[in-house]
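The structure appears below as structure tokens.
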2 protein chains.
Amino acid sequence: MKEVIEIQSTTNEFSVFVNGKPTLVHKINSPMLYVGTGKSSVQMYRGNFDISDYIEERIPLRKAVVSSLAEGIKVSFSETEGTPVELEMEILKKDIDRIDVTFNKKEESNNERCWIRVAADEEEKIYGCGEQLSYFNLRGKNFPLWTSEPGVGRNKETYTTWQADVKDRAGGDYYTTNYPQPTFVSTNKYFLHLSTTAYADFDFSHKDFHELHTWEVPESLQIVAGSTYLELVEKMSEVFGTQPELPEWTYNGIWLGIQGGTEVVEQKLETMLQNDVKVGAVWCQDWQGKRITSFGKRLMWNWIWDKDMYPNLDQKIWEWKEQGIRFLGYINPYVAKEGHLYKEAKEKGYLATKEDGSDYLVDFGEFYCGVVDFTNPQASEWFKEVIQTNLIDFGLDGWMADFGEYLPTDVKLYDGSDPMKMHNLWPTLWGSINRKAIEERETKDDLVYFMRAGYTGIQKECPLLWGGDQSVIWEKDDGLASVIPAALSSGMTGCGLHHSDIGGYTSLHGNKRSKELLLRWVEMAAFTPVMRTHEGNRPDDCFQFDGDEETIKQFAKMTKIYTELAPYIRKCVKENAEKGIPVQRPLFMHYEQDQISYDIKYQYLLGKDLLVAPVYEQGKSSWEVYLPEDKWVHLWTGDTYSGGHHEVRAPIGHPPVFYRSDSSYRELFESFKLND
Amino acid sequence: MKEVIEIQSTTNEFSVFVNGKPTLVHKINSPMLYVGTGKSSVQMYRGNFDISDYIEERIPLRKAVVSSLAEGIKVSFSETEGTPVELEMEILKKDIDRIDVTFNKKEESNNERCWIRVAADEEEKIYGCGEQLSYFNLRGKNFPLWTSEPGVGRNKETYTTWQADVKDRAGGDYYTTNYPQPTFVSTNKYFLHLSTTAYADFDFSHKDFHELHTWEVPESLQIVAGSTYLELVEKMSEVFGTQPELPEWTYNGIWLGIQGGTEVVEQKLETMLQNDVKVGAVWCQDWQGKRITSFGKRLMWNWIWDKDMYPNLDQKIWEWKEQGIRFLGYINPYVAKEGHLYKEAKEKGYLATKEDGSDYLVDFGEFYCGVVDFTNPQASEWFKEVIQTNLIDFGLDGWMADFGEYLPTDVKLYDGSDPMKMHNLWPTLWGSINRKAIEERETKDDLVYFMRAGYTGIQKECPLLWGGDQSVIWEKDDGLASVIPAALSSGMTGCGLHHSDIGGYTSLHGNKRSKELLLRWVEMAAFTPVMRTHEGNRPDDCFQFDGDEETIKQFAKMTKIYTELAPYIRKCVKENAEKGIPVQRPLFMHYEQDQISYDIKYQYLLGKDLLVAPVYEQGKSSWEVYLPEDKWVHLWTGDTYSGGHHEVRAPIGHPPVFYRSDSSYRELFESFKLND
């Protein structure tokens, strides 16, 4: 078989060729590694981070002494001739298509900063790095990788961002994300994963190399090569795992996000059902009670049914379940100071503390919470049981497992870990608590939770992602459009099931959700794995799904489409479960020869056969779409198209969707054609 | 005499003590120098710079080999034992209070980045670095030193700045300035000057050291120690020179900034004189013609009297001069493409070109100009003659010598200099052209020009600074208030004569000059060396000095005060000319024991005897002032005050001004007391 990865070396140099291209290269004038020291400052304010680093030393390790191993090479690096070895590296060929590179920093070395260079071509493109909301092709910029609030606005040129920065230090930037991951896919047909949980910054802005920066000498990295992107994501799933299939009931219809109590839920549910809206679940994030702050409607972070807000919920849940409507709730890994869970956790020593052992209360915006310490096995067990008892056994069939990004970097943890190294890992730990909770229940295949935070390993610990908080706006970095690169990049990082709050969430700084935004969002959501609404953080400033007759009708229409598509979506979800091929795919995944498709970030393939190009600007009745070369059929009209740029009519309710003419689901797709 | 500066050394370490404190220190674990390499990107857009640097190597030079010299020590630095010498340094004690440190980079060394550490105390404060508009005490932040537009807004938290950034890439930041200088004064009673014209960044944010970063290994640095700040600024003037005294006529009254032509000037002048406004000059920046762009009223950059706009000016100038009103004009070091000077310069090869020799036209905002190449002696001579013939001999007694910051970093210069190294020096070169022009004229003592741009050496090349373009706002980073730290920091860097556009200049992004702003500004200006108005960049959006009766009356009042103060101001100006003691001084200069005064940046001493605390917020009728311990008399009421915080009445026209009770000018000051 052809050598996919090849290691060549001499006494002082080496090159690792991946698919024939030099990828890890070391020469004295072109060192692979730099090490150094720095002094960082990390300030957290409500999940937003102000991070600066003063690099004190950055030193190329030019001198390499290479020795052969059975499976590869071992290299001792030092600055230069006559200086001590700083670190040792082994490159082992684990398989025909895979290398593992391990790093061993010498004990005497002070170095806590590391820069790894990966050779690159000018034309090469890069995807992945977790959930990225502003860019899909990451080449040309650098990406700090640190889980945090994603930002409101996320673009320093927008008014929303400026306001958010000035008022709340919360504007974010193009790279801020709940779910970063030090893993990327290259158009040189490999993916690279760096094993680290430290702060990292992947710099793809250089012509001849990528530079991976970590605030530690990392454990290892892996490079896995493939011949197609389909193959690569499948191989990635072998490394990180895949998500299980969604429970059957998820395809019954939309998950209506409702707050306000049992009666309100009943009324709204009634209205929607009467109007033929297909409903799979009601999702009540305030099931455990609410609190009002200046931010808007917030929740009482004590994870147990609030009997006052939701009288009779214990019975209603089962009534609704029988009707075919599941009940979903909410939980996150913090506990409000005022609640009984906090009290219990504090007494038992289950909370992260300050350095001196005193209480560490995190400010979440006018209320304070303890952080459940998942490095404490008993604490983890306890919280798992909270989920099992208070949620699952109570009757919830799913929940939003929110947050995970707010581990402060100055806490003291049970197992003595450095919080700077645990911060990024926390979402995965949080996910695992949920996963273990449901694994032990018989109804596990019927349960689903969804998360926004993530890191390496979340693939196995989170069955369904959602895109976090979008602002209720049209701007690309934090509006409807941003959900698409979010889904695509998550998919290229091994998380193949993604959805979003229909209509967005953040209505601050003068932004209010318009009816048009809501309608454009729901029509996009019909072509994603899950449809779910959110009232928004300030519901009074947001147009809602029952805002008027016309809207309810549109919801009926789009949920009908979604449920009719279910066989197809179910198949895609299964493909993801079995092979790690994401449900929402970049165009180039199936059209590798199409050069244009590599820069498409606001269109996606749903499975192999559907191309979706959501309308993400207001006031549009037509839309320009790019189709790769194939035989396409416009879903609503049946008109046929070949590849290229096309302008199509796209009134509300008819987002630009096309199917492949020779799809085996052609008959199903044909059924959506409008009769007129 | 006491050892003010002391050098101690061993074979591999040294310490230079200044006033008993370690200042330049080298130990193997505490290296004085770091060197390295980097790749920079410098983009200019209308004088605003987008600068980024990718540091590729930053290496401590730990190994020092020290040898004694007659006057000091010589040190050879290398990374570590066994590595080649990177650079050699000599520290020579030039005098009891002064060291010169020279750096010699080895030819073989690639290093183009240098970081010099200066030992510091935690409580130490830092002043200077040219004209700094946001901070006076620079400790706690870093200051990039690169002449540029200063920015509109200059504070990322303000709406003005955000708009300017988004629309024009021109928002600036706390450090952006027309006049940076790599020189600072420390409360450890020394000043340090770094001889470099490369891009630099002085980082005062560390507790134990200051770090001076340059994009080259610099030539040298000097440290001069003193026992008082008065002594220090005097010593500084021995290094950089001082400004001559202002011509007598400058004290005759305000310089009225008028545009629009001879007739308009006559009318406005007439109105003001009739209303008893003391006028020393009219300043017509459009004397050479104008051009309208979307920015507002701009000028035709061809430096010669515009006969159409200013008919009969050649005669009028002499008539006005006889009346006691001088005429001032405008010039800058660029030439508009459409003008005859451009044509001439281009033909003679006097303009900077592109790398390939073709025309380099700089975009100044919808019009394009050539850059007169001052590295070409003939070009400099030619432009000097333009000033002599078209300005001085024509009858101008002064002018605004504007700009100087816009040397692009990719031009080709006559003498082959690297534009990256000439960029910062350009303002000083520009100043020198003006200085030489007037030096050769008999009327030189009667002439004055004023500049905003500067760098090392501007002290001798510019007789009068003005604070550049303020926005017509109250915000501190770019409004009335910013003029004060601007004057103070310039004064601590050897430029002791400073003034500003009364009322500010930039009326963009919704900002319009209010009457109140104009009045607060003119009342401050009466207590500065020069009073001068500006119509603003969009005169229709600015309240003008003749906006209404009340305003004219206020101008009459304040100019009267100014002219009556003239004997005192003249004395201060003389002190500056002789000893380099700036006219506007920080409080601590005369009150060294007063700890609070070191953080006062919005008050100043005018000379030794007057304390001025301008009102810089709107809608105020009283104002809080800090007085160092002394016997003070309130100028308007005669009320006496001792040191401390005091609230005083400060209606418009009566800015908080106090004089020292035992001033030798007491009688003069008493005459300002209001009778009521």
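Residue numbers begin at 1 in each chain, while the letters A, B, ... track the order of the sequences. Note that the structure is predicted; figures quoted are calculated from it, not measured.
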>> Below 4.5 Å, heavy-atom pairs only: which of G36(A), P60(A), G82(A) has the largest tally toward chain B?
In response: P60(A)
> To the nearest 0.5 Å, what is the distance between CD1 (I59(A)) and OH (Y34(B))?
Replying inline: 9.0 Å
>> Using heavy-atom distances under 4.5 Å, tell me whether Y159(A) contacts chain B through its side chain, its backbone, both, or neither.
In response: both
> Which of the residues H206(A), E211(A), Q163(A) is involved in the greatest number of heavy-atom pairs with chain B at under 4.5 angstrom?
Replying inline: H206(A)
> Within the distance-only criterion (no hydrogens, no angle test), does the side chain of R58(B) pair as donor or acceptor with the backbone N or O of R58(A) below 3.5 angstrom?
Replying inline: no
>> Please identify, among K39(A), E79(A), R117(A), the residue contributing the most non-hydrogen atom pairs under 4.5 Å to chain B.
In response: R117(A)
> Relative to chain B, which segment of T161(A) carries a heavy atom at a distance below 4.5 Å: side chain, backbone, both, or neither?
Replying inline: neither
> T80(B), I55(B), D165(B): which one forms the most heavy-atom pairs within less than 4.5 Å of chain A?
Replying inline: I55(B)
>> Please classify the contact of E81(A) with chain B as side chain, backbone, both or neither, using a heavy-atom distance under 4.5 Å.
In response: neither
> Under a 4.0 Å N-O cut-off, is there an ion pair linking E157(A) with R169(B)?
Replying inline: no
> Checking W162(A) side chain against K156(B) main chain: does a donor-acceptor pair fall under 3.5 Å?
Replying inline: yes
> If you count the non-hydrogen atoms of other residues, nucleotides and ligands that lie under 6.0 Å from NZ in K125(B), is the total more than 12?
Replying inline: yes
> Does a sphere of radius 6.0 Å around CD in E124(A) hold more than 12 heavy atoms from other residues, nucleotides or ligands, not counting ones at 6.0 Å or beyond?
Replying inline: yes
> What part of T83(B) gets closer than 4.5 Å to chain A, counting heavy atoms only: side chain, backbone, both or neither?
Replying inline: side chain
> Within a radius of less than 6.0 Å around CD of E88(B), do more than 12 heavy atoms belonging to other residues, nucleotides or ligands occur?
Replying inline: yes
